[in-house]
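So you know, we letter chains A, B, ... as the sequences are listed, proteins then strands, and number each from 1. This structure is a prediction, so every number in the text was calculated from the model and none was measured.
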There are 2 protein chains.
Amino acid sequence: MPKQTFLNLKSSKKSLITEAFLREFSVKTFDDASLSDVVKNIGIAKGSVYQYFDDKLDLFFYLVQESTMVKMKYVGSVKREDHPDYWTFFKVLYEHGLQFDRESPLQSHFLHNLVNNLHSPSVAQWYRDMEKQIVTAFEGMAKMEIDLGCFRDDIPLDVMGFMLYKVGAAIQNQLEYSGIIESAISIQKNEPVFAGKEEIVMDLVDKHIQLVRPAFDK
Amino acid sequence: MPKQTFLNLKSSKKSLITEAFLREFSVKTFDDASLSDVVKNIGIAKGSVYQYFDDKLDLFFYLVQESTMVKMKYVGSVKREDHPDYWTFFKVLYEHGLQFDRESPLQSHFLHNLVNNLHSPSVAQWYRDMEKQIVTAFEGMAKMEIDLGCFRDDIPLDVMGFMLYKVGAAIQNQLEYSGIIESAISIQKNEPVFAGKEEIVMDLVDKHIQLVRPAFDK
DNA sequence: TGGCTTAGTGACTGGGTGGTCATATATTTG
DNA sequence: CAAATATATGACCACCCAGTCACTAAGCCA
């Protein structure tokens with residue numbers, strides 16, 4: 001958690017710092033991100049960072065928490081019960097994600113890049129815990145769909161939940177793989193992750209759903 | 001490529017070195033792997049490494065190449081045309097992979113861990129190229145299945161190929177995620193990646209296939 | 001034996017890092 | 001105004017790394 005000193009800062013300086021570090025962590029691995037570079041760029045002393053945060057990890061977690069909170073404002077309101085099936089629910093979730101991306105591009109970039117920090121030893125354990133939460137959430141959704149009679153019930157729940165998680169991630173992967181989105185470039189241009197690619201993205205989402213549905217639906 | 005000096009070494013020393021570095025790169029990221037540590041452990045001078053290889057990357061690529069060649073001896077003989085459908089073909093491929101793992105555990109660990117090097121800046125570009133090759137191979141297989149009338153033809157080929165790649169990888173992911181395999185531990189105990197877990201693994205392969213088939217089959 | 005080629009060595013270089021701390025500067029309080 | 005408190009600073013520390021190089025040792029051949 002940031003120290004009181006940081007919270008006391010006037011908000012323009014707070015966001016100067018926050019945004020600079022969001023940028024750095026969006027482009028580099030946790031271990032590769034360089035505090036020295038960032039403070040040089042924004043013209044504050046390295047010591048200041050340590051008046052605001054305990055250490056690099058503390059700073060990183062603060063950014064995770066803030067970005068997640070912002071994203072939640074967008075996707076938190078999307079409820080399964082307002083949609084006829086999991087897949088339209090999923091699609092709407094994605095649409096709200098795009099809105100988040102448009103309106104909070106830095107946070108979006110940061111969260112988008114989180115997965116790249118997977119194997120930075122310093123955050124590996126933490127990442128495992130976070131992944132566990134996500135997978136558990138997907139398992140819960142799968143369970144609900146099975147109970148509703150929407151998903152098939154002949155596959156172990158953990159297998160189904162895990163695959164649901166992976167096919168969700170696969171869309172993001174393919175977008176990056178195929179070069180449709182190039183987060184490293186778009187962040188330099190101060191653009192959202194999906195800038196101008198919204199239709200292509202939603203189109204790919206449709207294709208993925210169309211492909212994958214028969215594996216899950218009853 | 002290793003220098004002549006390395007190739008001239010008597011094979012016991014060659015494998016001492018090879019195996020020590022396979023171990024190191026199996027447990028750490030490319031950037032985190034420490035030549036200094038390894039040479040200390042096996043009792044040779046750091047300078048020697050640079051008489052054998054141009055640099056760290058050269059050494060790494062040598063290990064990739066060697067390990068891949070060994071694995072190919074196992075899986076190279078498995079042909080699609082000897083099996084009734086993609087899924088039994090895939091399963092047999094996996095079985096041969098398990099044999100490779102049993103008989104060449106160090107190479108297996110190394111290749112297993114390759115994906116963790118994904119975002120080490122020093123190898124990121126190379127990894128992209130490798131991934132491109134793999135995805136292309138999966139696309140080719142998808143195309144073949146469509147032409148054979150086995151896979152559905154209403155999904156763009158690239159989407160299908162990419163998903164085929166991802167669901168293949170998902171098995172490995174889930175094995176690691178669920179703690180069924182713990183490569184970091186098994187390598188310390190000098191055990192293969194899948195030691196004693198063969199039935200569980202093949203069982204999970206079956207479950208994945210059962211789940212995912214309806215998405216691809218016509 | 002001596003001479004030549006190949007292999008092996010480890011102190012050292014240059015560079016980067018996260019984190020510290022004594023000191024200086026603002027800002028608030030009385 | 002002065003005193004006290006909260007911020008800001010940047011030189012500095014300890015650490016670790018890949019890679020170099022002048023030098024030593026070993027093996028081989030005549």
Could you state the [atom1]-[atom2] distance from [X] to [N], rounded to the nearest angstrom?
X	N	atom1	atom2	result
A:Lys40	C:dG15	NZ	P	13 Å
A:Lys3	C:dG19	NZ	C1'	11 Å
B:Leu9	C:dT6	CG	C1'	11 Å
A:Phe60	C:dG18	CZ	C1'	16 Å
B:Asp54	D:dT20	CG	C1'	14 Å
B:Asp58	D:dA18	CG	P	15 Å
A:Gln4	D:dA8	CD	P	13 Å
A:Asn8	C:dA26	CG	P	19 Å

On the side chain of B:Lys46, is there an atom forming a donor-acceptor pair with the base of D:dG19 - under 3.5 Å, no angle test?
yes
By nearest nucleotide on DNA chain D, pick out whichever of B:Gln51 and B:Asp55 is the more 5' one.
B:Asp55
Could you walk me through whether A:Ser120 and B:His119 pass the side-chain hydrogen bond (donor to acceptor under 3.5 Å, both in side chains) check?
CA-CA 9 Å; A:Ser120 274; B:His119 295 285; over 6 Å; no
Kindly assign one of parallel, tilted or perpendicular to the pair A:Tyr62 and A:Phe53, based on the angle between their ring planes and the thresholds 30° and 60°.
tilted
Using the ring of each side chain (for Trp, its six-membered ring), is B:Phe162 parallel, tilted or perpendicular to A:Tyr177, with breaks at 30° and 60°?
tilted
With a non-hydrogen cut-off below 4.0 angstrom, is [X] in contact with a base, only sugar-phosphate, or nothing?
X	answer
A:Phe53	nothing
A:Ser48	base
B:Thr5	sugar-phosphate

Using heavy-atom distances to pick each residue's nearest nucleotide on DNA chain C, tell me which of B:Lys13 and A:Leu35 is more 5'.
B:Lys13
With a sphere of 6.0 Å drawn around NZ of A:Lys91, does it hold more than 12 non-hydrogen atoms of other residues, nucleotides or ligands?
no
Side chain of [X] - closest among [options]:
X	options	value
B:Asp37	D:dC17, D:dT9, D:dA18	D:dC17
A:Tyr50	C:dT9, C:dT20, D:dG10	C:dT20
B:Lys56	D:dC17, D:dA18, C:dG19	D:dA18

Under a 3.5 Å distance rule, please check whether A:Ser34 uses its side chain to pair with a backbone N or O of A:Asp37 as donor and acceptor.
yes
Taking only N and O in the side chain of B:Tyr52, is any of them less than 4.0 Å away from OP1 or OP2 of C:dA7?
no
